[in-house]
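Pasting a structure below so you can have a look.
Side-chain atoms are counted along with the backbone in the values below, which use heavy atoms only and exclude waters and symmetry mates.
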Amino acid sequence: MTTYTRKHTTYRDALELVRQLPLRDQRRLRAELAKLPSVHLVLPNQTPQAIQKGKLLAEQVRKELSAATNTQTLDETMRQLRGRSWS
């Protein structure tokens with residue numbers, strides 16, 4: 001017997017599906033969502049200053065990650081920190 005388990009849609013999944021829609025449908029969806037009281041849509045900041053700041057922050061993160069000496073996997077690290085399986 002096969003049972004169906006519903007997969008929870010993540011924000012990333014929903015965003016990718018919306019990006020596949022034609023631009024007209026994206027605008028219509030945005031307009032419909034804007035009518036709901038608990039939804040607030042804001043386009044990301046696309047100014048050159050914001051993009052430059054994002055690139056600088058990304059470079060800082062890359063430097064921190066490259067300087068890290070931890071060779072453990074996430075599971076090994078979590079086991080060490082908590083003493084048991086974390087998932």
Side-chain angles (χ1 to χ4, degrees):
M1 181 170 144
T2 305
T3 59
Y4 174 75
T5 56
R6 184 171 184 214
K7 179 182 177 248
H8 293 284
T9 303
T10 65
Y11 175 79
R12 184 176 299 235
D13 294 337
L15 184 61
E16 288 302 318
L17 290 171
V18 169
R19 286 183 176 163
Q20 293 174 12
L21 291 173
L23 189 57
R24 180 177 178 207
D25 291 338
Q26 289 180 28
R27 288 184 185 133
R28 197 176 80 220
L29 178 60
R30 185 179 294 121
E32 288 298 317
L33 290 174
K35 294 176 185 176
L36 299 173
S38 61
V39 175
H40 181 71
L41 300 175
V42 178
L43 294 174
N45 189 348
Q46 293 291 323
T47 63
Q49 296 85 4
I51 293 170
Q52 183 63 28
K53 183 178 179 182
K55 288 179 180 179
L56 289 172
L57 290 172
E59 186 58 34
Q60 287 176 353
V61 170
R62 283 189 200 99
K63 286 179 184 177
E64 287 180 26
L65 289 175
S66 67
T69 59
N70 189 357
T71 58
Q72 294 178 322
T73 66
L74 177 60
D75 285 328
E76 291 169 340
T77 302
M78 294 305 289
R79 230 179 275 119
Q80 179 184 0
L81 292 173
R82 294 190 177 179
R84 63 182 189 280
S85 177
W86 65 280
S87 56

Discussion item. Can you tell me how far apart CG (Asp25) and CZ (Arg30) are? Round to the nearest 0.5 Å.
Written reply: 12.0 Å
Worksheet item: Any idea which heavy atoms bring Gln26 and Arg19 closest together, and the distance?
Response: NE2-O, 3.5 Å
Practice prompt. Return yes if a side-chain donor-acceptor contact under 3.5 Å exists between Asp75 and Thr73, otherwise no.
Written response: no
Worksheet item: In Å and rounded to the nearest 0.5 Å, what is the CG to CD distance from Leu57 to Gln52?
Response: 10.0 Å
Worksheet item: If you measure from CG on Leu15 to CD on Gln20, what distance do you get to the nearest 0.5 Å?
Response: 10.5 Å
Discussion item. Suppose we screen for salt bridge (charged side-chain N to carboxylate O under 4.0 Å, His left out). Which residues come up paired with Glu64, at least two apart in sequence or across chains?
Written reply: none
Item to complete: Report the C-alpha separation of Lys63 and Glu59 in whole Å, then their side-chain angles, then the decisive distance to 0.1 Å, and conclude whether the side-chain contact (heavy atoms from CB on, under 4.5 Å) test is met.
Response: CA-CA 6 Å; Lys63 286 179 184 177; Glu59 186 58 34; 3.8 Å; yes
